[in-house]
Trainee: 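Could you have a look at this structure, given as structure tokens, before my questions?
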Amino acid sequence: MEKDVLAKTYNPKEVEGRWYKYWEENDLFKANARSDKSPFSIVIPPPNVTGSLHMGHALNNTLQDILARYKRMKGYNVLWQPGTDHAGIATQNVVEKDLILKKTDRHQIGREQFIELVWEWRKKYGGIIINQLKRLGSSCDWSRERFTMDEGLSRAVREVFVGLYEENLIYQGDYIINWCPRCHTALADIEVEHEDTDSFLYYIRYPFENQKGSLTVATTRPETLLGDTAVAVNPEDERYKNLSGLHVLLPVLNKPIPVILDKYVDKEFGTGALKITPAHDLNDFEIGNAHGLERIKVIDENGRMNELSGPYQGMDRFECREKILDDLKNSGLLEKIEPYRNAIGHCYRCKTMIEPLLSKQWFVRAAPLAEKAIAAVKTGKTRIIPANWERVYFDWMNNIKDWCISRQIWWGHRIPAWYCQECGEVMVAKEEPKICTRCKSNNLHQETDVLDTWFSSALWPFSTLGWPDSTDELKTFYPTSVLVTGFDILFFWVARMMMMGLHFMGDVPFRDVYIHALVKDEQGQKMSKSKGNIIDPLVVLDSFGTDSFRFTLSILAAQGRDIRLSEERLAGYRNFMNKIWNAARFSLMNLKDCKSPSIDTDTLTLADTWIMSRIGAVADEISSNIEGYKFNDAANICYQFIWHEFCDWYLEMVKLELYSNDQKRREAAQSAMQILLSGVLRLLHPFVPFITEEIWQRMPHTEGSIMAAQFPRRTDFVYDEKSVKEMDLIKEVITGVRNIRGEMNIPPKKAAKIVIDVKGDKEREILKNNHSYITNLAKVESIDFISDTKKPDSSATYVFSDIQVHVLLKGLINYDDEKKRIYKGIKKIEKEMEISQKKLANRDFLNQAPPDIVENVKQKAQRMSMKLDKLNQNLTILDGIT
RNA sequence: GGGCGGGUAGCUCAGCGGGAGAGCAUCGGCCUUACAAGCCGGGGGUCACGGGUUCAAAUCCCGUUCCGCCUACCA
């Protein structure tokens with residue numbers, strides 16, 4: 001790498017690809033399953049293989065990468081385990097769409113060939129999201145990339161399924177499930193999205209069978225009445241007391257169905273009479289079971305009315321509703337229609353309205369598994385951060401329902417169950433059985449359903465590490481250190497990993513779960529395709545560069561708060577990258593001929609000691625913030641320190657040394673600068689890997705990649721608290737002069753004479769010894785020192801505590817302006833003093849507040865009082881002049 | 001229905017018991033040989049409202065209100 005002068009602005013495009021390749025080629029992302037170093041491991045939340053990078057991924061992976069890079073620099077053996085999941089329904093949908101274009105469908109080509117096509121698709125497009133993660137700089141160990149349909153992971157799935165079945169934790173049964181008529185599969189409860197919808201409540205008369213009159217029920221789904229097998233009323237409902245044992249006639253079909261009594265029915269709602277359709281509603285199903293009612297399925301898997309729905313057979317469910325309402329109206333059975341708002345379930349994949357259907361499915365008995373998962377968080381074996389998500393987790397776990405895991409699609413792990421065609425025996429086994437265990441028949445058929453994708457995702461923390469084999473990876477990296485993810489998959493994924501990990505590994509899958517924010521748009525709206533407010537991370541990467549993007553996400557990632565991303569913010573942090581770049585540019589220009597760095601405390605200037613004390617303190621703060629998942633604080637500390645301390649003050653001060661004729665001073669400055677630049681880059685590296693590597697490689701006396709360098713600690717630098725106080729004093733004087741220059745409109749080029757009135761010998765010494773900082777940074781041509789003397793004529797004065805800086809302004813001073821300025825200062829300080837004095841006048845405060853607090857207030861009051869005196873004196877003098 | 005988060009400078013947000021902060025925007029002055037994606041300086045806030053606890057409240061508690069979000073088998 002040539003170490004020439006850097007370009008004037010940072011150009012990320014030229015840099016990023018180059019270094020990513022370098023890191024990969026030099027195996028810098030690789031974990032070691034047999035290492036003496038302490039392990040640190042993260043499994044990636046596997047992105048959907050059909051996916052393309054969205055903001056959620058960008059944030060999620062940026063945060064993981066910060067942790068991974070930071071821990072590597074701290075000397076850990078880091079494994080960041082990457083991979084993708086096979087996304088059963090989504091992937092099948094994509095390939096099926098292709099087939100439609102080719103004027104065929106999966107049923108025509110058959111299961112085997114279809115699966116082959118999906119694999120082909122995955123080979124061709126499955127790497128897209130992976131490459132996008134690489135563009136983000138993600139330092140995953142790609143040599144270990146896994147896919148949930150890999151042979152190894154599929155083995156883990158079979159092992160788990162059979163294990164749970166044998167323990168009676170998986171069972172098969174007829175239940176009401178959520179059916180998507182478009183995807184043609186069952187869905188788990190959490191895969192259904194509820195949406196408040198304006199609909200209607202229809203009041204329908206069910207005539208009595210053997211007497212006059214009718215019983216009116218209220219329903220939102222009149223079409224399901226074809227499958228009604230009873231009408232229920234509350235046993236305590238006075239109105240319907242005498243109806244028990246009677247029958248009513250189902251409208252349209254004129255079929256008698258019984259009136260039953262059930263406490264479930266709410267007397268207050270509708271008419272207090274509830275129609276019962278056990279095959280199409282979960283509650284009705286349960287009531288039906290309790291009363292031994294027949295289950296009549298009238299809607300089929302396509303959402304169409306079937307042969308049991310009489311005249312409506314063949315109609316779509318919505319079409320049927322219209323028709324049936326017409327017919328009811330005509331026969332006078334429709335009493336009234338009321339507008340009604342209710343939540344309607346939709347498929348989370350395709351948004352089709354869910355049809356609750358009676359169907360035979362496979363379920364995981366969740367409650368027993370949840371117990372340990374609850375305990376693990378209660379006892380702190382796994383921490384959820386921020387902790388308020390614990391409550392959400394507990395709430396769900398405590399009310400957990402059995403998990404429907406079978407899906408009527410082809411792409412996925414086929415359930416390892418076989419049915420004997422002769423005797424009906426069900427066999428669940430890891431290997432395909434040859435003959436029926438009961439009747440010895442060889443006429444066996446495998447279950448056609450596959451497992452929910454989340455079933456395999458639930459095993460991710462150990463299946464990716466080689467389970468069920470006992471591998472070095474498992475020994476070294478399980479339990480993983482932390483899981484970083486969004487709350488939207490807390491139930492889908494985190495909770496289930498907890499259950500499976502505890503059950504099969506006997507330990508939690510991760511020590512920490514860090515739940516991060518959602519990325520929203522500028523208006524705080526959730527980004528969605530339908531709203532069209534999506535900010536494409538790839539576009540952001542192109543226009544601002546990866547590092548700016550990552551830094552923006554980090555600094556906005558406050559715990560428990562969503563991120564509103566905006567172009568202005570991105571531009572602001574792109575400017576920060578440019579600032580870093582130019583600080584490096586300046587440094588490198590002056591480091592061309594430098595020796596290898598060493599700290600000689602004798603040659604350190606006050607500026608050196610001060611900035612080293614600061615960078616050391618800052619390094620420790622950044623460390624503790626990263627370790628506490630306070631990414632925004634860590635990033636903000638970097639920003640403030642680098643821009644407003646290192647660049648604004650140190651680099652300006654070091655110019656004195658660099659431009660000095662004294663070769664020794666120059667060399668000492670070069671040494672310090674190298675140490676500092678190296679420190680700054682290493683602090684920044686976890687956040688902004690590319691720009692830091694680029695500069696690192698151009699620095700003299702650096703070896704290898706910055707990835708392998710050590711993260712700075714306070715003890716790496718000179719630390720001297722006194723220097724911080726001294727520098728504060730000098731900065732205050734400089735700021736004071738600048739302030740007056742600015743407010744009095746003194747041309748920046750015009751050098752000023754100043755007189756500092758300082759009583760304390762110590763302060764005077766400090767200012768005298770470091771006067772060149774003041775003369776250079778405040779454009780001052782001479783400094784005189786006085787002690788407790790009257791304000792010089794033709795001067796403007798900056799007052800702090802008992803120190804006064806008089807800027808001599810012969811001919812430039814406007815006395816009215818100066819008076820106004822002083823007056824403003826007096827008003828401000830009087831207001832502040834009032835607060836302090838009130839406190840000090842309060843006996844309870846003096847007695848009960850901690851002594852250090854009282855002392856602080858006292859000192860503050862004293863300082864202010866001195867300042868106020870000086871200001872008043874100055875005002876009096878000016879009054880005398882004008 | 002239940003739960004969670006939020007209301008702090010014009011905007012976006014930190015802070016969450018002892019001096020109201022940042023970024024952006026704004027105003028004034030600067031092409032000072034690292035950076036105009038920059039430098040220097042300034043202005044700007046009854047910390048939603050009402051009570052309470054405390055020597056001390058933006059910060060803790062209660063209530064009100066307005067926004068989000070999650071969850072739920074009253075048809």
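Numbered from 1 within each chain, the chains take letters A, B, ... in sequence-line order.
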Trainee: For the C1' atoms, the ones on B:G19 and on B:C47, what distance do you get once it is rounded to whole angstrom?
Mentor: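 Roughly 15 Å separates the two C1' atoms.
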Trainee: State which of B:A34, B:C4, B:G23 makes the closest approach to the side chain of A:Asn388.
Mentor: B:C4
Trainee: Could you check whether A:Lys8 gets within reach of a base, just the sugar-phosphate, or nothing at all, counting any heavy atom under 4.0 Å?
Mentor: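 Sugar-phosphate contact only.
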Trainee: Assuming nearest nucleotide by heavy-atom distance, tell me which of A:Val392 and A:Glu268 is located more 5' along RNA chain B.
Mentor: A:Val392
Trainee: Whole-Å distance between B:C69 P and A:Asp488 CG?
Mentor: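 About 14 Å, once rounded to whole Å.
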Trainee: Base, sugar-phosphate, or nothing for A:Arg843, non-hydrogen atoms under 4.0 angstrom?
Mentor: nothing
Trainee: Could you work out the separation of B:G7 and B:C49 based on their C1' atoms and round it to a whole Å?
Mentor: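 The same atom, C1', in both gives a distance of 11 Å.
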Trainee: Taking the C1' atom of each, how far is B:G21 from B:C70, in whole Å?
Mentor: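 About 32 Å, rounded to a whole number of Å.
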Trainee: Side chain of A:Asp648 only, please: which of B:G23, B:C40, B:A37 is the nearest?
Mentor: B:C40
Trainee: Taking atom types as they are modelled, would you say the side chain of A:Glu832 forms a donor-acceptor pair with the base of B:A20 within the 3.5 Å cutoff?
Mentor: no
Trainee: Send over the distance from A:His194 NE2 to B:A72 P, rounded to a whole Å.
Mentor: 6 Å
Trainee: Only pairs with both distances under 3.5 Å count, Watson-Crick or wobble alike; so what is the partner of B:G63 in this structure?
Mentor: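 Answer to the pairing question: B:C49, which forms a Watson-Crick or G-U pair with B:G63.
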Trainee: Have a look at A:Glu652 and say if it touches a base, only the backbone sugar-phosphate, or nothing, with a 4.0 Å heavy-atom cut-off.
Mentor: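 Base, at least one base atom sits under 4.0 Å.
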Trainee: For A:Asn578, which contact category applies under a 4.0 Å heavy-atom criterion: base, sugar-phosphate, or nothing?
Mentor: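 Contact class for A:Asn578: base.
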Trainee: Roughly how many Å apart are B:A75 and B:G5, using the C1' atom of each and rounding to a whole number?
Mentor: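 Their C1' atoms lie roughly 32 Å apart.
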Trainee: Determine which nucleotide pairs with B:G19, using a 3.5 Å limit on both distances of a Watson-Crick or G-U wobble pair.
Mentor: none
Trainee: When you measure from the centre of the six-membered ring of A:Phe586, is the NZ or CZ of A:Lys655 closer than 6.0 Å and no more than 45° off the axis?
Mentor: yes
Trainee: Describe the nucleic acid contact of A:Val265 in one word from base, sugar-phosphate, nothing, applying a heavy-atom distance below 4.0 Å.
Mentor: base
Trainee: Can you tell me if A:Asn575 touches the phosphate of B:G38, counting only side-chain N or O atoms and a distance under 4.0 Å to OP1 or OP2?
Mentor: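 So the side chain of A:Asn575 is within the cut-off, an N or O lying under 4.0 Å from OP1 or OP2 of B:G38.
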Trainee: Do A:Arg564 and B:U12 have a side chain to base donor-acceptor pair shorter than 3.5 Å?
Mentor: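 Between B:U12 and A:Arg564, which were checked side chain against base, a qualifying N/O pair under 3.5 Å is absent.
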Trainee: How long is the line joining NZ of A:Lys749 and C1' of B:U33, in whole Å?
Mentor: 12 Å
Trainee: Is A:Tyr659 atom OH crowded by more than 12 heavy atoms from other residues, nucleotides or ligands, each under 6.0 Å away?
Mentor: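 Enclosed.
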Trainee: For A:Arg391 and B:C70, what is the distance between atoms CZ and P respectively, to the nearest whole Å?
Mentor: 18 Å
Trainee: If you look at every strand shown and take non-hydrogen atoms under 4.0 Å, does A:Arg863 touch a base, only sugar-phosphate, or nothing?
Mentor: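 Counting heavy atoms under 4.0 Å across all strands, the contact made by A:Arg863 includes a base.
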Trainee: Can you identify which nucleotide, out of B:G41, B:A75, B:A22, has its nearest atom closest to the A:Leu274 side chain?
Mentor: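 Closest nucleotide to the A:Leu274 side chain: B:A75.
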Trainee: Within less than 4.0 Å of OP1 or OP2 of B:C40, is there a side-chain N or O belonging to A:Asn739?
Mentor: no
Trainee: Heavy atoms only, 4.0 Å cut-off, all strands: where does A:Tyr639 land among base, sugar-phosphate and nothing?
Mentor: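 Sugar-phosphate: the residue A:Tyr639, judged by heavy atoms under 4.0 Å, touches backbone atoms but no base.
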Trainee: Would you name the heavy atoms of A:Pro222 and A:Ile204 that are closest together and state the gap between them?
Mentor: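 Result for this residue pair: CB-CD1, 4.0 Å.
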Trainee: When you compare the side chain of A:Phe687 with that of A:Tyr573, does any pair of heavy atoms fall below 4.5 Å?
Mentor: no
Trainee: Categorize A:Tyr340 for me: base, sugar-phosphate, or nothing, with a 4.0 angstrom heavy-atom threshold over every strand shown.
Mentor: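 The answer is sugar-phosphate, as A:Tyr340 gets under 4.0 Å only of primed atoms, P, OP1 or OP2.
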Trainee: Should A:Phe641 and A:Ile622 count as side-chain neighbours, where that means a heavy-atom distance under 4.5 Å?
Mentor: no
Trainee: If I take atom CG in residue A:Leu656 and atom C1' in nucleotide B:U32, what distance separates them, rounded to the nearest angstrom?
Mentor: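 Spelled out: CG on A:Leu656 to C1' on B:U32 is 14 Å.
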Trainee: Pairing check on B:C69: which nucleotide meets the Watson-Crick or G-U wobble criteria with it, both distances under 3.5 Å?
Mentor: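 Answer to the pairing question: B:G3, which forms a Watson-Crick or G-U pair with B:C69.
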Trainee: Using a 4.5 Å cut-off on heavy atoms from C-beta on, say whether the side chain of A:Phe269 contacts that of A:Leu274.
Mentor: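 Counting from C-beta outward, A:Leu274 and A:Phe269 never come under 4.5 Å.
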Trainee: Name the nucleic acid region contacted by A:His644, choosing base, sugar-phosphate or nothing; use a 4.0 angstrom heavy-atom cut-off, strictly under.
Mentor: sugar-phosphate
Trainee: Does CD belonging to A:Glu338 count more than 12 external heavy atoms closer than 6.0 Å?
Mentor: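 Yes.
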Trainee: Mark yes when over 12 heavy atoms from residues, nucleotides or ligands other than A:Lys579 sit less than 6.0 Å from its NZ; otherwise mark no.
Mentor: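 Enclosed: over 12 neighbouring heavy atoms sit under 6.0 Å from NZ of A:Lys579.
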Trainee: Could you tell me whether A:Asn590 contacts a base, only the sugar-phosphate backbone, or nothing, with contacts defined as non-hydrogen atoms closer than 4.0 Å?
Mentor: nothing
Trainee: Just checking A:Lys824: base, sugar-phosphate only, or nothing, at a heavy-atom cut-off of under 4.0 Å?
Mentor: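 Sugar-phosphate, no base atom in range.
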Trainee: Quick check for you: among B:A75, B:G41, B:C35, whose closest atom lies nearest to any side-chain atom of A:Asp266?
Mentor: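 Of all the options, the side chain of A:Asp266 is nearest to B:A75.
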Trainee: Between A:Trp389 and A:Leu846, which is nearer to the 5' end of RNA chain B once each is assigned its nearest nucleotide?
Mentor: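 Here A:Trp389 is the residue nearer the 5' end.
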Trainee: Give A:Pro850 one of three labels, base, sugar-phosphate or nothing, depending on what nucleic acid heavy atoms sit under 4.0 Å from its own.
Mentor: base
Trainee: I want to verify a distance call: between B:G23, B:A34, B:G41, whose nearest atom is closest to the A:Arg569 side chain?
Mentor: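 Of B:G23, B:A34, B:G41, B:G23 is nearest to the side chain of A:Arg569.
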Trainee: Would you mind telling me which of B:C70, B:C55, B:A34 lies closest to the side-chain atoms of A:Ala849?
Mentor: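 Nearest to the side chain of A:Ala849 among the choices is B:C55.
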Trainee: So do the side chains of A:Val540 and A:Leu570 get within less than 4.5 Å of each other, counting heavy atoms only?
Mentor: yes
Trainee: Determine the Euclidean distance between corresponding C1' atoms of B:C24 and B:G43; express it in Å to zero decimal places.
Mentor: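 Their C1' atoms lie roughly 16 Å apart.
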Trainee: With no hydrogens and no angle check, is any side-chain donor or acceptor of A:Asn636 less than 3.5 Å from a backbone partner on A:Asn632?
Mentor: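 Absent.
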Trainee: Roughly how many Å is it from CG in A:Asn842 to P in B:G18, rounded to a whole number?
Mentor: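 Whole-Å distance recorded here is 18 Å.
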Trainee: Who does B:G10 pair with, Watson-Crick or G-U, both distances under 3.5 Å?
Mentor: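 Answer to the pairing question: B:C24, which forms a Watson-Crick or G-U pair with B:G10.
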Trainee: Nearest of B:A22, B:A75, B:G29 to any side-chain atom of A:Gln640?
Mentor: B:A22
Trainee: Name the pairing partner of B:U33, where a pair is Watson-Crick or G-U wobble with both distances under 3.5 Å, or state none.
Mentor: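 Matched B:U33 with nothing under the 3.5 Å cut-off.
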Trainee: Say we look at B:G68 and B:U12: how far apart would their P atoms be, to the nearest angstrom?
Mentor: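 B:G68 and B:U12 have their P atoms separated by 14 Å.
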Trainee: Mind checking the C1' distance from B:A48 to B:A58? Whole angstroms is fine.
Mentor: 12 Å
Trainee: Would you classify A:Arg574 as touching base, sugar-phosphate or nothing, given that sugar-phosphate means primed atoms plus P, OP1 and OP2, and contacts are heavy atoms under 4.0 Å?
Mentor: base
Trainee: Check the distance between B:U71's C1' and A:Trp396's CH2 and give it to me in whole angstrom.
Mentor: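 One finds 12 Å between C1' of B:U71 and CH2 of A:Trp396, rounded.
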Trainee: What integer distance in Å separates A:Asn342:CG from B:C73:C1'?
Mentor: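 For the pair A:Asn342 CG and B:C73 C1', the rounded distance is 12 Å.
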Trainee: Remember a base hit wins even if backbone is also touched, and classify A:Tyr659 as base, sugar-phosphate or nothing at under 4.0 Å, heavy atoms.
Mentor: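 Result for A:Tyr659 = sugar-phosphate.
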Trainee: What about A:Lys579, does its side chain sit under 3.5 Å from the base of B:C35 through a donor-acceptor pair?
Mentor: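 It does, because a donor-acceptor pair links the side chain of A:Lys579 to the base of B:C35 below 3.5 Å.
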Trainee: For a quick test of reading the model: is some side-chain N or O of A:Lys401 closer than 4.0 Å to OP1 or OP2 of B:A72?
Mentor: no
Trainee: Any idea which of B:C55, B:A75, B:G23 is nearest the A:Phe845 side chain?
Mentor: B:C55
Trainee: When you compare B:U64 with B:C4, how far apart are their P atoms, in angstrom units rounded to a whole number?
Mentor: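 The answer is 15 Å between these two P atoms.
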